[in-house]
Amino acid sequence: MGPLTSTSSVAPGRPGELLRFAAVGSVDDGKSTLIGRLLHDTKQLFDDQLAAVGAASRRRGAGELDLSFVTDGLRAEREQGITIDVAYRYAATPARTFVIADCPGHVQYTRNMATGASTADLALVVIDATSGLREQTRRHVCIASLLGVRTLVVVANKMDRVAWDPAAYERVVRQTEELATSLGAQVAAVVPASALHGDNVAVRSDAAPWYEGPTVLEALETAPAGGWAGGSGSRLAVQWVLRRPGGGRSYAGMVSGGTLRPGDPVTVLPSGHRTTVASLGTADGPLAEAAAGLSVAVELSDDLDVGRGDLLAGRGEPPVVTDRVDATVCWFAPAPLLPGARYLLKHTTRVTPGEVEAVSDRLDVRTLLREPAQGLGENDIGTVTLATADLLAVDPYRRNRVTGSFVLVDPATHATAGAGMVARPLAAGSPGPTAV
Amino acid sequence: MTSTLDSHVPTVPTGDPTGLGRRGTGADHLDLLEAHAIFVLREVAAECERPVLLFSGGKDSAVLLRLAEKAFAPGRLPFPVLHVDTGHNFPEVLAFRDQRMAELGEELLVASVQAAIDDGRVPDPGPEGSRNRLQSAVLLEAIARHRFDACFGGGRRDEDKARAKERVVSLRDALGQWDPKRQRPELWHLYWGRVLPGEHLRAFPLSDWTELDVWRYIDREQLDLPSLYYAHRRRVVERDGMLLAVSEHVSPRRGEVERVETVRFRTVGDATCTGAVRSDASSASEIVAEVAASTVSERGATRADDRVSDSAMEDRKREGYF
């Protein structure tokens, strides 16, 4: 593996295994430069895009080619030299296809960082080796880890500024191992690199003969892509009811958590009716099985009342049907999250009013300890007890990223106020809110 | 010619464009992109009251329309199809548009830039002026008139730097504007389809597709496209580094020489400002190989600036020799 020698970097046949990763880290640690460097050295940038980057670099006195301009696409971002919102980039090598979420480093844009990390398999953590692990990077790794991103490829960047001193590298190794251990995350590699000069990004550098590990690209090509174990058993949240021409219905949705097959016993939730999968397929025809991530339509053996928002649960331990959950919530809204407040909650394909019963704790990202709290402020993360008007079929987030997640939306503005991950379903039957 | 390069690629790609599930058995990257696009189409159709699908007859909207068909088959599309017509059309594209709509048996709404110019609702940029900018005003007018609350579009994040920042389901305010600093957080697959009165959404089911993915899909699904996407002989003039098709909308200016060349179009828009590229690729599979080897972006190929490109090529070669 390693750098590509072909002038055509993208294999025209079938693409390689997909890895979605989020690039995270503090502002000024060189995240955008690293992504720009990675795209440049794997020849993903087109001539005209490079020309625009070169022209912008010279115009701003940033040398011949400031690769951070590759990903900072908003005018305000270029003016301020920071990343405000997540930028998605696409790259392919013969080994893998990459979807890259370049996340903003500033604390005020944590909501955008969470957006980027929520669909990632792996986090590329960029750390300035001259200063070591910063608080904002701890916050990012912590949020990524809560969102289920538990595999880290760490870049000890700007090694040229410390004359490739192994001690600076060792400090990053020590700090990230410690952080990963406390979060239950895995460090796949810590790579000493200079994004500015391209050392150990896609091309192995002679500058650090003491380092025998992979380049950043090699680490991304070989790190486990299935960072998300899940394994709740198969689930399908009904999005749409399709009516067949000769009568009969099928239920369209995306499979998660496991594979669904014809003949599988399924339970319709929250009603609890049991039936079996009579057939499943797409517009292109029937399927013998449907893996997680596929959009299919399912016909059931019995004629039941099934509609949008219902969940079909296959083999394995069933989801919990409840109207109360304890959840880890990342709060994005400027106004605090307080007990008694009402929001609209979207879980799978169901929208229902929800009420905050209690806020029990808040995470201190410096110590990674949970401290007692009565509310959550903007960018806070904490444990919240929520009651919902409708019954929901939930799995703990660690077992299923789809049936374990929800968003809280302000009913007055439709702004997404928070993101929730089910920590623990509680016993149903509490007096929930009736309307918002 | 693809077979030699194929040999570099693992034969059992597994992946999940959503990051939301276990890796599929036998589901490849395109299957998962397709599945996600269909998920977005169903989700927005279910949550919004009056969605509409924007169809230009170009390759991205041809893919989008096919995905919409698949999402709701065997039923009909649960939303109308709208063409924002610049009036500066390639006849092949209009013919394709009408053929596809006839196949689907669906009604086509047309929002006409020409009609808006004739009524004085938008300024006339002149016979050879680009009408690309006027399309927005005409689209917003159609959205207001029909009270659409969501528009499906074929936009992709790999198209340009600003698009790379956009959400899959992206809010437009009451003036139809995108405020990139105030985008809604968009976590997992939990798209929010509700808006305040006057606001609307733009939904981009192809957000995570690249140009190459689009062509691979067209090849795999054997989708019909307007013939001008494939190599053909055409009368062209070279202007600002682009090859413009000579037509009723474009004629050679003083000093320009009309030639006949073998070209194809990489994008299709307003005929006065859409450039052709020299190409012998006459099938989708040949275009897949051509796009994979291309050194110029889709936008760059139709908005070339030779002087800047030359210096970038030097930079790239120097940088590439580390």
Side-chain angles (χ1 to χ4, degrees), chain A residues 8 10-18 20 40 46-51 54-55 64-65 73-74 84-85 87-88 90 94 97 99 111 114-115 118-121 198 203 226 230 239-240 242-245 252 254 256 283 291-295 308 332 346 401-402 405 407 409 414-416 419, chain B residues 2 5-6 8-10 13-25 27-29 32 35 38-39 42-43 46 70 73-75 157-158 161-162 164-165 180-181 183-188 190 192 194-196 208 210 212 288-289 292-293 295-297 300 308-309 312-313 315-316 322:
Chain A
S8 157
V10 182
R14 285 158 67 92
E17 182 183 44
L18 182 81
R20 285 187 81 115
H40 176 268
F46 292 115
D47 291 349
D48 51 304
Q49 294 171 328
L50 263 180
E64 283 299 294
L65 199 64
L74 300 176
I84 292 171
D85 211 330
Y88 293 90
Y90 305 85
T97 299
V99 176
R111 60 181 186 274
T115 292
S118 70
T119 52
D121 296 321
V203 183
Q239 286 188 281
W240 192 271
L242 295 166
R243 285 179 182 77
R244 308 248 149 227
M254 186 182 270
S256 75
L294 289 186
S295 286
R308 178 174 165 84
F332 305 133
K346 185 173 184 187
R401 212 170 183 172
V402 176
S405 61
V407 288
V409 174
H414 292 294
T416 316
Chain B
T2 56
L5 285 157
D6 266 346
H8 294 290
V9 181
T14 54
D16 173 8
T18 68
L20 294 174
R22 267 314 308 164
R23 329 246 73 76
T25 47
D28 74 7
H29 183 47
L32 293 161
I38 287 173
F39 180 89
R42 287 172 176 162
E43 214 45 23
K70 287 194 180 193
R157 284 171 175 157
D158 77 325
K161 291 166 71 140
K165 298 272 174 180
K181 292 184 81 169
Q183 298 200 83
R184 291 173 175 175
E186 187 172 80
L187 286 99
W188 303 292
L190 293 170
W192 192 256
R194 303 186 190 185
V195 294
L196 297 177
D208 281 340
T210 63
L212 193 54
V288 166
T295 58
V296 181
S297 76
V308 180
S309 270
M313 186 56 129
D315 288 346
R316 180 181 183 171
F322 275 94

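Naming convention: chains lettered A, B, ... in sequence-line order (proteins, then strands); numbering from 1 in each chain.
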Notebook entry, point to check: For A:Arg243, is it the side chain, the backbone, both, or neither that has a heavy atom closer than 4.5 Å to a heavy atom of chain B?
Noted result: backbone

Notebook entry, point to check: Looking at B:Lys70, B:Glu43, B:Glu186, which one has more heavy-atom pairs under 4.5 Å with chain A than the rest?
Noted result: B:Glu43

Notebook entry, point to check: Is there a side-chain contact between A:His414 and B:Val195 (heavy atoms, below 4.5 Å)?
Noted result: no

Check: Nearest heavy-atom pair of A:Trp240 and B:Arg42: which atoms, and what distance?
Finding: CE3-O, 4.0 Å

Checklist line | Part of A:Val407 within contact of chain B (heavy atom distance under 4.5 Å) | finding: both

Notebook entry, point to check: Of all of A:Thr416, A:Thr115, A:Leu242, which one pairs up most often with chain B through heavy atoms under 4.5 Å apart?
Noted result: A:Thr115

Note to self: What I'd like to find out is whether the side chain of A:Val409 reaches to under 4.5 Å of the side chain of B:Arg194, using heavy atoms alone.
What the structure shows: no

Next item on the list: Can you see which heavy atom on B:Ala35 is nearest to which on A:Gly293, and at what distance?
Entry: CB-O, 3.1 Å

Item checked: Heavy-atom donor-acceptor pair, A:Gln239 side chain to B:Ala46 backbone, under 3.5 Å -> no

Checklist line | Between OG1 on residue B:Thr210 and OH on residue A:Tyr90, distance to nearest 0.5 Å | finding: 9.0 Å

Next item on the list: Select one option (side chain, backbone, both, neither) describing which atoms of A:Phe332 are under 4.5 Å from chain B's heavy atoms.
Entry: side chain

Note to self: A side-chain contact here means heavy atoms from C-beta on lying under 4.5 Å apart; do B:Trp188 and A:Val402 qualify?
What the structure shows: no

Checklist line | Note, A:Ser405 side chain near B:Leu187 side chain (heavy atom, < 4.5 Å) | finding: no

Next item on the list: With rounding to the nearest 0.5 Å, note down the distance linking OG1 in A:Thr119 to CG in B:Asp208.
Entry: 7.5 Å

